[in-house]
A.B. asks: 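Just dropping this structure here.
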Amino acid sequence: MTGNTEHHNENETISSDDSRQPGRHRLDTSMKRRRVLIGGTAVAAAGGLAVAGFASADTTDGGTASSAETAAEASSGSSTTSGVCTLNAEVTEGPYSLDGALVREDIREDKEGFEVRYTFTVVDQAADCAPLADALVEIWHCDALGEYSGFVGGNGHQEEDNGTFLRGGQLTDANGQCSITSIWPGHYVSRAVHVHMRVHTEVTLTDDSYTGGEVIHTGQLFFDPDINEEIQATSPYSANTTKETALADDGIYDDGGASSGLLTLTALGSGVSDGYKATITVGVDSA
């Protein structure tokens with residue numbers, strides 16, 4: 001793979017160089033971002049706080065989505081998450097997806113970086129926003145130098161490429177929840193720091209992966225820009241000298257807060273190098 005910046009621009013079609021890897025990644029430029037709000041309420045276990053499920057689809061501060069998510073997460077691990085009625089933004093999966101992700105909780109392998117412990121809660125609009133069990137939540141992202149496994153060299157760095165680092169997924173439990181441990185992503189030309197995500201249903205597990213199923217949600221996850229700025233200036237991230245795009249200038253993130261993939265972060269220690277817990281409620285439609 002070359003360092004052609006067209007590889008990194010997920011708003012454009014894939015360049016001719018990408019044809020060297022047929023069938024290994026897809027970019028559907030016809031897919032439109034969408035966020036739909038439906039009626040309902042979320043009741044927090046602590047304090048009995050009711051949160052309205054109706055709000056403007058044009059909200060820019062993510063307030064309603066964040067409030068609903070907060071109420072749901074206050075009762076994390078219980079069925080009261082069924083009140084979250086926001087479908088998360090549907091966006092392109094980008095040119096770096098691969099089929100057949102490993103099903104595992106820790107996707108770091110030997111990659112250096114600051115730990116991120118993701119907790120996903122998947123709720124299904126088709127079932128009155130009830131938790132969705134047995135869904136495979138798959139994520140993938142670049143390493144600290146902005147390189148994706150399977151496509152190393154695209155951000156100008158040469159390193160070993162096994163095609164699996166920083167890729168993987170987990171099945172949700174009866175509460176619609178699963179956890180995945182990774183590192184904070186690095187950056188690359190034309191995109192803000194982000195993580196790709198797909199939610200699959202009806203998969204069949206193999207020894208370490210899966211077959212079949214249907215992708216019912218394709219989205220991306222984003223990070224607080226102030227925290228990210230500090231992280232990208234710290235080793236090993238600071239070794240990546242390619243230009244970084246700010247979240248406010250990203251061509252995919254639409255400033256919609258949690259419903260557009262903005263993660264809720266909780267520090268695991270006193271400094272950024274100690275890592276973060278990252279949580280989000282993912283609203284999908286299985287119908």
Side-chain angles (χ1 to χ4, degrees), residues 1-10 94-98 101-102 104-120 138-170 179-197 220-253 261-280:
M1 299 293 289
T2 69
N4 189 333
T5 58
E6 192 170 4
H7 291 141
H8 303 294
N9 191 337
E10 295 172 20
Y96 297 112
S97 66
L98 292 174
L102 296 174
R104 54 184 178 171
E105 185 173 4
D106 193 326
I107 66 174
R108 291 175 292 181
E109 298 186 7
D110 61 352
K111 286 298 175 180
E112 294 184 350
F114 303 154
E115 182 176 356
V116 180
R117 300 176 188 172
Y118 297 93
T119 297
F120 300 101
E138 174 196 1
I139 64 173
W140 68 97
H141 61 83
C142 67
D143 66 10
L145 295 179
E147 301 291 347
Y148 282 86
S149 57
F151 304 93
V152 166
N155 201 34
H157 305 90
Q158 297 303 315
E159 55 189 49
E160 184 178 351
D161 188 356
N162 62 4
T164 62
F165 66 75
L166 305 180
R167 297 178 182 271
Q170 280 282 88
S179 297
I180 300 174
T181 300
S182 190
I183 63 169
W184 193 285
H187 66 273
Y188 58 90
V189 175
S190 83
R191 287 300 315 280
V193 171
H194 64 283
V195 171
H196 297 268
M197 175 180 62
Q220 296 185 22
L221 307 172
F222 301 93
F223 299 83
D224 178 273
D226 293 331
I227 298 174
N228 178 67
E229 181 179 8
E230 185 174 357
I231 287 176
Q232 298 298 320
T234 307
S235 180
Y237 300 90
S238 56
N240 180 4
T241 58
T242 57
K243 184 178 180 180
E244 182 179 358
T245 298
L247 183 61
D249 298 324
D250 188 71
I252 299 294
Y253 180 66
L262 188 65
L263 294 158
T264 297
L265 300 172
T266 304
L268 294 176
S270 58
V272 295
S273 62
D274 294 321
Y276 289 84
K277 176 182 178 181
T279 59
I280 192 167

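What's counted below: heavy atoms across the whole structure, side chains too, no hydrogens, waters or symmetry copies. For clarity, every value in this text was computed on a predicted model and none was experimentally measured.
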A.B. asks: From Ile252 CD1 over to Asp250 CG, what is the distance, rounded to the nearest 0.5 angstrom?
C.D. replies: 6.5 Å
A.B. asks: With under 30° as parallel and over 60° as perpendicular, where do the rings of Tyr118 and Phe223 fit, or are they tilted in between?
C.D. replies: perpendicular
A.B. asks: Would you say the side-chain atoms of Asp274 pair up with the backbone N or O of Gly271, donor to acceptor, closer than 3.5 Å?
C.D. replies: yes
A.B. asks: For a quick test of reading the model, state the closest non-hydrogen atom pair linking Phe114 to Ser235 and the distance between them.
C.D. replies: CZ-O, 3.5 Å
A.B. asks: Side-chain contact, heavy-atom cut-off 4.5 Å: Val152 with His157?
C.D. replies: no
A.B. asks: How long is the span from the CZ atom in Phe120 to the CG atom in Leu263, to the nearest 0.5 Å?
C.D. replies: 7.0 Å
A.B. asks: Distance check, rounded to the nearest 0.5 Å: Glu112 atom CD versus Tyr237 atom OH?
C.D. replies: 9.5 Å
A.B. asks: Are the side chains of Ile180 and Met197 in touch, meaning some heavy atoms are under 4.5 Å apart?
C.D. replies: no
A.B. asks: Which heavy-atom pair separates His187 from Cys142 by the least distance, and what is that distance?
C.D. replies: N-SG, 4.3 Å
A.B. asks: Which residue, Arg117, Glu109, His141, Glu105, forms the side chain to side chain donor-acceptor pair (under 3.5 Å) with Ser182?
C.D. replies: His141
A.B. asks: Indicate the atoms forming the closest heavy-atom contact of Asp224 with Leu262, along with that distance.
C.D. replies: N-CD1, 4.3 Å
A.B. asks: When the ring planes of His194 and Phe222 are compared, do they come out parallel, tilted or perpendicular, using 30° and 60° as the limits?
C.D. replies: tilted
A.B. asks: Specify the closest pair of heavy atoms between Asp143 and Leu166, including all atoms of both residues, with the distance to one decimal.
C.D. replies: CA-CD1, 3.4 Å
A.B. asks: Considering all heavy atoms of both residues, which atom of Gly168 and which atom of Ala101 are nearest to each other, and what is their separation?
C.D. replies: CA-CB, 4.2 Å
A.B. asks: If you measure from OH on Tyr148 to CG on Leu98, what distance do you get to the nearest 0.5 Å?
C.D. replies: 11.0 Å
A.B. asks: Could you tell me if the side chain of Glu115 sits less than 4.5 Å from the side chain of Thr181, heavy atoms only?
C.D. replies: yes
A.B. asks: Between Tyr276 and Trp184, does the ring centroid distance fall short of 6.0 Å?
C.D. replies: yes
A.B. asks: Under the side chain to side chain contact (heavy atoms under 4.5 Å, CB included) criterion, do Asn228 and Leu247 qualify, and how do the steps go?
C.D. replies: CA-CA 10 Å; Asn228 178 67; Leu247 183 61; over 6 Å; no
A.B. asks: When you measure from the side chain of Asp161 to the backbone N and O of Gly150, does any donor-acceptor pair fall under 3.5 Å?
C.D. replies: yes
A.B. asks: In chain order, what residues pass the salt bridge (charged side-chain N to carboxylate O under 4.0 Å, His left out) check against Asp106, with sequence neighbours excluded?
C.D. replies: Arg108
A.B. asks: Quick one: OH on Tyr96 to OH on Tyr188, what's the gap to the nearest 0.5 Å?
C.D. replies: 6.0 Å
A.B. asks: Drop me the distance from Ile107's CD1 to Glu138's CD, to the nearest 0.5 angstrom.
C.D. replies: 9.5 Å
A.B. asks: Are any side-chain N or O atoms of Glu147 and backbone N or O atoms of Gly156, one a donor and one an acceptor, separated by less than 3.5 Å?
C.D. replies: yes
A.B. asks: Looking only at heavy atoms, what is the nearest atom pair of Val195 and Pro185, with distance?
C.D. replies: CG2-CG, 3.7 Å
A.B. asks: Ignoring hydrogens and geometry, is there a side-chain-to-backbone donor-acceptor pair from Asn155 to Leu145 under 3.5 Å?
C.D. replies: yes
A.B. asks: Answer yes or no: is there a side-chain heavy-atom contact under 4.5 Å between Phe165 and Ile183?
C.D. replies: no
